[in-house]
Amino acid sequence: MAFHFSNKKTARIAGLLYLMVVLTGLASLMYIPNKLIVWDNASLTFSNITASETLFRIGIVCGLACYIFFLFLSLVLYKLLKPVNENFTRLMVIFVFLSVAIFFINVQNELTILSLINNPDYLNILSTKQIQSQVLLHLDQYYSGLSIVHIFSGLWLFPFGILVFKSGFLPKIFGILLILGGFGYLIDFIGSTLFKNYSELDISLITTLPASIGEIGICLWLLIIGVKSEKTINN
């Protein structure tokens, strides 16, 4: 069956949403945590968060925004890629929905930190050191939750990569990189779960590289180039 469609606008909307996912993700996962969190020093981390509470709150908002954009991105990509293979597009959206749902539940750990540092009643029950330890514990739980989220962040790349590869209107190399990126996410989760010192090996710098290149690449391609005005897809 052949499908004829003009999807430059849809592709560019997808590219814009993808860009927002990348920017808010970088802010919430890298820039802000690097400013506030010192993993081997609960006292300093607590001081950083209390002194820059607004920045911490911005990080929470950026994280939520990232996954809201991610949700809408999957729906726009569904529209764009459905003619390629409807089953794969459905699977892609399911994985995204699962990752978004788990992330929103996981954010409770960050909101608990705000309660710990702002509720004076806790000072009557816990010592300052105990509160500091609780803050670091909930940060640790938050990032453990993110590792579960990243299972589905990896799984969605498999159908997405296959769809990109088979589309005929997007570069196949991005499809390959996205599929490899999916394996990278899963390797990271399995490695960090099975091996205590996995993070010290810096393997994740290698395993996440294909996903980083593939996702940023397809984001910019969709945003700047889009797709050909008219294309015939054979399903």
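Note that the structure is a prediction, hence the values are computed from the model and not measured. Nothing fancy with the numbering, it's 1 onward along the sequence.
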Would you say that more than 12 heavy atoms from the other residues, nucleotides or ligands in this model lie under 6.0 Å from the [atom1] of [X], or not?
X      : atom1 : value
Phe183 : CZ    : no
Lys35  : NZ    : no
Tyr78  : OH    : yes
Phe195 : CZ    : no

- [ ] Scan Tyr18, Phe160, Trp156 and name whichever one has a ring pair (Phe, Tyr, Trp, His ring centres under 6.0 Å) with Phe70.
- [x] Trp156
Open item on the list: Quick check against the 3.5 Å criterion: does Ser167 have a side-chain atom that pairs as donor or acceptor with the backbone of Leu170?
Closed with: yes
Open item on the list: When you measure from the side chain of Thr45 to the backbone of Val38, do you find a donor-acceptor pair of N or O atoms at a distance under 3.5 Å?
Closed with: yes
Task: Steps toward side chain to side chain contact (heavy atoms under 4.5 Å, CB included) verdict (Glu53, Asn118) - done: CA-CA 10 Å; Glu53 185 181 333; Asn118 284 305; 2.9 Å; yes
Open item on the list: Working to the nearest 0.5 angstrom, can you tell me the gap between Ile37 CD1 and Leu44 CG?
Closed with: 11.5 Å
Which heavy atom of [X] sits nearest a heavy atom of [Y], and at what distance?
X      : Y      : answer
Val21  : Cys66  : O-SG, 3.5 Å
Leu178 : Gly214 : CD2-C, 3.8 Å
Arg12  : Ile225 : NH2-O, 3.5 Å

TODO: Flag the pair Ser28 / Tyr67 as yes when at least one side-chain heavy-atom distance between them is below 4.5 Å, and no otherwise.
DONE: no
- [ ] Look at the side-chain heavy atoms of Ile, Leu, Val, Met, Phe, Trp and Tyr, link any pair under 4.5 Å apart, and say whether Val100 and Phe97 land in one connected group.
- [x] yes
